[in-house]
There are 2 protein chains.
Amino acid sequence: MYPNFIQHLKKYISLTDNDIQILSTYVKIKSIKKKEFLLEEGQTCKGNYFVETGLLRMFYINEKGTEQITQFALENWWLSDYMSLMIQAPSKFYLQAVEDSEVVVVEHQKQEELFEKLPRLERYFRIMMQRAYAASQMRVKYFHDFSKEENYRQFVSLFPKFVQRIPQYMLASYLGITPEYLSELRKKNP
Amino acid sequence: MYPNFIQHLKKYISLTDNDIQILSTYVKIKSIKKKEFLLEEGQTCKGNYFVETGLLRMFYINEKGTEQITQFALENWWLSDYMSLMIQAPSKFYLQAVEDSEVVVVEHQKQEELFEKLPRLERYFRIMMQRAYAASQMRVKYFHDFSKEENYRQFVSLFPKFVQRIPQYMLASYLGITPEYLSELRKKNP
DNA sequence: TTAATTTCTTAAACTAGCTTAAGTTTTTTA
DNA sequence: TAAAAAACTTAAGCTAGTTTAAGAAATTAA
């Protein structure tokens, strides 16, 4: 059903077959096609999403009306608008599939019940949130540290396979540069 | 001893007097003077720090040799280099007191034992990490969304009292602008 | 396999924010 | 309370990255 999800859980906490059985009644799997949305601006975020297969992006529309991508999520990553999810308030973000994807959904309402049944999951999610936060602390550093050009070169050399899975204008948006400037950088030194 | 810390915990989880007694054998309080360090570049981060009173900052030295502040932590906030803490590798960051401060220290070695004794703390830290990550998701948005000038005006109007506690060059560093440019912005419209 | 749509490129004019350098004001220390 | 150190200001010249506009190439749908 969702082998990556189960394997991922087992990397951080121990789970019996019975635990997994219980878990299965609290989460569901959802298939979404490329360009479909899990969340749109103005909606309240309903769930925390684990990418079983595929690729998601998080973005918002800025005041100029252009998409600003803030995150991607590949296989084995969690994605959500955690502020909207936590306080159950309308989101400014969109969550959308970049490729046809399978996601494991933990709905907000079910999450508390799930933690009561399987308190060990608090530990798993504590580790996930700490990892995500640690990554975002590093990202702030890179963001300040490097020029846009250096940021681009760094990204391409660190994640070459990922770069092949997304159109160039999405990479530009994620890096916070215009597609025109990215094009210039590639011409200069591909 | 650390009333803010205990009160903060009790906002998120229930704790008996006995729990608090156990807790007290796993954490310690540390007084640090203005400009003293909790962590310096090259050291491995040894603890997670809760600001009982005072004000801390996190920064690194960039390739031009200037300090780049990435975070501040006021009363009731946690601060650490979570990547260094998690993987116990040398840090690129400094953690320093901006004012004389009292911090509650949860040492990395003790943390796992503490979670075994008081598993409920996993929940508390899960919530703390989720809050921190949610805040950082919003911060990425503001960072992209606003010009440096708008970012400055936003910050000052949201946190006027905080702005009074830090020197201007630290605010400039946090906002990612030069002190000279900040000075110009203030002249234009204070 | 053609048309429609989406994505990418080129180049020139422009601007937000930086650099440099010198001077002034405020805070800390002796 | 004087001297030293730290923090802030001013202004001119500069550059990384944007904007605008038009066209070319690649995907997708019919």
Side-chain angles (χ1 to χ4, degrees), chain A residues 32-37 55 57 59 61-69 72 94 96-100 140 142-156 160 162-190, chain B residues 32-37 55 57 59 61-69 72 94 96-100 142-156 162-190:
Chain A
I32 62 167
K33 291 238 167 280
K34 184 172 173 171
K35 295 194 178 169
E36 275 180 18
F37 291 95
L55 171 57
R57 66 174 180 145
F59 68 94
I61 308 283
N62 65 23
E63 66 289 3
K64 289 173 204 143
T66 61
E67 294 175 0
Q68 175 62 57
I69 298 176
F72 291 105
Y94 296 78
Q96 190 191 37
V98 175
E99 304 172 351
D100 294 354
V140 171
Y142 291 133
F143 202 92
H144 279 295
D145 229 1
F146 298 144
S147 68
K148 303 282 167 121
E149 173 162 8
E150 286 169 326
N151 241 305
Y152 160 67
R153 310 240 177 257
Q154 163 107 169
F155 193 89
V156 169
F162 177 60
V163 169
Q164 288 162 20
R165 286 170 72 176
I166 56 170
Q168 234 173 82
Y169 78 92
M170 284 196 190
L171 176 54
S173 171
Y174 178 77
L175 294 172
I177 62 180
T178 57
E180 291 84 355
Y181 188 51
L182 179 53
S183 193
E184 216 167 89
L185 294 178
R186 281 162 51 84
K187 184 173 55 165
K188 203 166 86 183
N189 194 344
Chain B
I32 62 166
K33 290 240 167 279
K34 184 171 174 174
K35 297 196 178 168
E36 276 180 18
F37 292 94
L55 172 56
R57 66 172 180 147
F59 69 93
I61 308 283
N62 65 24
E63 67 288 2
K64 289 172 203 145
T66 62
E67 293 175 359
Q68 176 62 57
I69 297 175
F72 291 105
Y94 296 79
Q96 190 192 37
V98 176
E99 303 171 351
D100 294 354
Y142 290 133
F143 202 92
H144 280 295
D145 227 0
F146 298 143
S147 68
K148 304 277 167 132
E149 174 162 7
E150 286 169 325
N151 243 304
Y152 161 67
R153 310 236 177 261
Q154 163 106 170
F155 193 89
V156 170
F162 177 61
V163 170
Q164 288 163 21
R165 287 171 71 177
I166 56 169
Q168 234 174 83
Y169 78 92
M170 284 195 190
L171 176 54
S173 171
Y174 178 76
L175 294 171
I177 63 181
T178 58
E180 292 85 354
Y181 188 52
L182 178 53
S183 193
E184 215 168 273
L185 295 178
R186 280 163 52 84
K187 183 172 56 163
K188 205 167 85 181
N189 193 345

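So that the names make sense, note that chain A is the first sequence line, chain B the second, and so on, each numbered from 1.
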Exercise. Let me know, please, whether B/Lys34 or B/Ile177 comes out on the 5' side of the other along DNA chain C by nearest nucleotide.
Key: B/Ile177
For atom [atom1] of [X] and atom [atom2] of [N], their distance in whole Å:
{"X": "B/Tyr152", "N": "C/dA16", "atom1": "OH", "atom2": "P", "answer": "18 Å"}
{"X": "B/Glu150", "N": "C/dG17", "atom1": "CD", "atom2": "C1'", "answer": "14 Å"}
{"X": "B/Glu180", "N": "D/dT10", "atom1": "CD", "atom2": "P", "answer": "12 Å"}
{"X": "A/Leu182", "N": "C/dT7", "atom1": "CG", "atom2": "P", "answer": "14 Å"}
{"X": "A/His144", "N": "C/dG17", "atom1": "NE2", "atom2": "C1'", "answer": "15 Å"}
{"X": "B/Gln164", "N": "D/dC8", "atom1": "CD", "atom2": "C1'", "answer": "17 Å"}
{"X": "A/Lys35", "N": "C/dT6", "atom1": "NZ", "atom2": "P", "answer": "6 Å"}
{"X": "A/Met170", "N": "C/dT7", "atom1": "CE", "atom2": "C1'", "answer": "11 Å"}

Does [X] have a side-chain nitrogen or oxygen under 4.0 Å from the phosphate oxygens OP1 or OP2 of [N]?
{"X": "B/Tyr181", "N": "C/dC18", "result": "no"}
{"X": "B/Gln168", "N": "D/dT9", "result": "yes"}
{"X": "B/Arg186", "N": "D/dC8", "result": "no"}
{"X": "B/Lys64", "N": "C/dT19", "result": "yes"}
{"X": "B/Thr178", "N": "C/dG17", "result": "no"}

Practice problem: Any chance you could measure A/Glu63, atom CD, to B/Asp145, atom CG, to the nearest 0.5 Å? | Solution: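 Going from the CD atom of A/Glu63 to the CG atom of B/Asp145 covers 5.0 Å.
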Quiz item: Does B/Gln68 use its side chain to pair, donor to acceptor, with the backbone of B/Ser173 at less than 3.5 Å?
Solution: yes
Quiz prompt | Short side-chain to backbone donor-acceptor contact, A/Gln96 and A/Lys35, under 3.5 Å | solution = yes
Self-check item: Nucleotide of C/dA11, C/dG17, C/dT9 approaching A/Glu184 most closely (side-chain heavy atoms)
Solution: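 Selected nucleotide (nearest to the side chain): C/dA11.
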Quiz item: When you measure from the side chain of B/Tyr169, which nucleotide among C/dT7, C/dG17, D/dA7 comes out closest?
Solution: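 The answer is D/dA7, which lies nearest to the side chain.
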Quiz item: With under 30° as parallel and over 60° as perpendicular, where do the rings of A/Tyr94 and A/Phe59 fit, or are they tilted in between?
Solution: parallel
Quiz item: Going by the angle between their ring planes, with limits at 30° and 60°, are B/His144 and A/Phe143 parallel, tilted or perpendicular?
Solution: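 Aromatic pair B/His144/A/Phe143 classed perpendicular.
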